[in-house]
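Input: a single structure, listed below in structure tokens.
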Amino acid sequence: MESTESSYVSSPEAPKKGSLQPPKSPASDSAEKPTYIRFLVSNAAAGSVIGKGGSTITDFQSQSGARIQLSRNHEFFPGTTDRIIMVSGSIDEVIKAMELVLAKLLSELHSEDGNDIEPRTKVRLIVPNSSCGGIIGKGGATIKSFIEDSQAGIKISPLDNNYYGLSDRLVTLAGTLDEQMRAIYLILSKLTEDAHYSQAMHAPYSYAAPYNSVNYAPNGAGGKFQNPKKASDDHQEDRSNSVTIGVADGHIGLVVGRGGRNIMEISQVSGARIKISDRGDFMSGTNDRKVTITGSQRAIRQAESMIMQKVAYASERAMD
């Protein structure tokens, strides 16, 4: 896979072509509807977006009004070594935040190469497979019109079947900052009309659960983000969610069981998928291995309870 260290970049000094005009026939209420966009950045780029003590990301949030979240260090989009940034808010807020982030990344590339010509770079958006049809349009008509309108190159990757449960595709935009921003605006306006896309904003990423994403509050303090559970969210019960819990390295053997027997039983009884991090891959600042449980909220609760029973049994035995 191509290196993305210098991708997702744009120049704050670049002349602006005026404010972005709405697409020709937007849904009248879509501009104020809460929406989101997700895209990839390298680990190094993520650091410069966060800034010292979260100062840059906090500044970007206050300037744009959007919320900006990152997957944690080493929680990458499958098949890449890139972290995920999720920006949410109204279309205008999301666009403003995207422009701030991409301009910041390009300014760093600019200072490295010393070239005055604005480079054509790439940004990769993460789009649910179910929403890609709307971007492509009948016979490719919509994506062709977006390419003509924005002058950006737009490519949609095929779904990667190597990763079980992955239902997202990458949409790569190539061009200058203005071209990329115009393409992002057109794509986001189209996606916001799709009810399924809006619902997915509340569903955790199955490959990097937002339970483990860093959420920067307006005061710059990073903290764990958990989706608030409201009564109106009951329809989420059957949607796939993901939770990551920590289990002491010494207790992992009991959770797994001989030949994987225990973990298979927990998975079958609860209906959840369970993934344990590799040896030495711990929850940040602990010696706890990461156990990621994916499924409906009911399945997750049951699997978590069964895992904790195994751990409690191990702890009691250790005290005897």
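These figures come from a predicted structure and were not determined experimentally. Numbering of residues begins at 1 and proceeds along the displayed sequence.
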What are the two closest heavy atoms between T35 and S90, and how far apart are they?
CG2-C, 4.2 Å
For residues Q151 and T176, determine if any side-chain heavy atom of one lies less than 4.5 Å from a side-chain heavy atom of the other.
no
Pair I91, S189 - check side-chain contact (heavy atoms from CB on, under 4.5 Å), show working.
CA-CA 7 Å; I91 288 184; S189 299; 4.1 Å; yes
Shortest non-hydrogen pair, Y197 vs Y36, comes out as OH-O, 2.7 Å
So CG of L105 and OG of S42: to nearest 0.5 Å the spacing works out to 7.5 Å
Look at E179 together with R120 and state whether they make a salt bridge at an N to O cut-off of under 4.0 Å.
yes
Evaluation steps, salt bridge (charged side-chain N to carboxylate O under 4.0 Å, His left out), between D82 and R124
CA-CA 10 Å; D82 292 326; R124 290 189 292 171; 2.7 Å; yes
Could you check whether any side-chain heavy atom of N241 comes within less than 4.5 Å of a side-chain heavy atom of I293, counting everything from C-beta outward?
no
For D281, is there an ion pair with K290 - N to carboxylate O distance below 4.0 angstrom?
yes
Quick check against the 3.5 Å criterion: does R169 have a side-chain atom that pairs as donor or acceptor with the backbone of S157?
yes
Going by side-chain contact (heavy atoms from CB on, under 4.5 Å), Q302 matches just one of E304, M306, R298. Which one?
M306
Is any side-chain heavy atom of T81 less than 4.5 Å from a side-chain heavy atom of N43?
no
Considering non-hydrogen atoms only, spot the tightest contact between V87 and F39 and give its length.
CG2-CE2, 3.9 Å
Of all heavy-atom pairs linking I147 and A152, the shortest is CG2-O, 3.5 Å
One should read off an interatomic distance between K96 NZ and F60 CZ, to the nearest 0.5 angstrom, of 9.5 Å
I300 with M264, same ILVMFWY side-chain cluster at under 4.5 Å:
no
Going by atom types only, do T121 and Q180 share a side-chain donor-acceptor pair under 3.5 Å?
yes
Do the non-hydrogen side-chain atoms of R38 and F77 ever get within less than 4.5 Å of each other?
no
Do I307 and F282 land in one hydrophobic cluster if side-chain heavy atoms of ILVMFWY residues count as linked below 4.5 Å?
no
Apply side-chain contact (heavy atoms from CB on, under 4.5 Å) to the pair D288 and D249, showing each step before the final yes or no.
CA-CA 5 Å; D288 290 352; D249 202 19; over 6 Å; no
Heavy-atom distance under 4.5 Å between the side chains of T142 and I136, does that happen here?
no
If you round to the nearest 0.5 Å, how far is CG of L40 from CD1 of I126?
4.5 Å
Rounding to 0.5 Å, atoms OG1 (T172) and CD1 (I154) come to a distance of 10.5 Å
Is the side chain of S131 donor-acceptor paired with the backbone N or O of V127 at a distance under 3.5 Å, no angle test?
no
Mark yes or no for whether S55, through its side chain, and G51, through its backbone, hold a donor-acceptor pair below 3.5 Å.
no
Evaluation steps, side-chain contact (heavy atoms from CB on, under 4.5 Å), between V291 and I252
CA-CA 9 Å; V291 179; I252 283 290; 4.1 Å; yes
L100 vs D59, test: side-chain contact (heavy atoms from CB on, under 4.5 Å). Steps then yes/no.
CA-CA 10 Å; L100 289 165; D59 181 39; over 6 Å; no
The reported gap from CD1 in I187 to CG in L173 (rounded to nearest 0.5 angstrom) is 4.5 Å
Just so I know, are the side chains of R67 and M86 near enough to count as touching, which here means a heavy-atom distance under 4.5 Å?
no
Which atom names give the shortest non-hydrogen contact between P128 and D168, and what distance separates them?
CA-OD1, 3.1 Å
Find out whether D92 and V94 are in side-chain contact, i.e. whether some heavy atom of one side chain is under 4.5 Å from a heavy atom of the other.
no
Scanning both residues in full, the closest heavy-atom pair of T292 with S242 reads CG2-OG, 3.3 Å
Under a 3.5 Å distance rule, please check whether S305 uses its side chain to pair with a backbone N or O of R301 as donor and acceptor.
no
Under 4.5 Å between any side-chain heavy atoms of I156 and I143, yes or no?
yes
Rounded to the nearest 0.5 Å, what's the gap from CD1 on I68 to CE on M98? Could you check?
10.0 Å
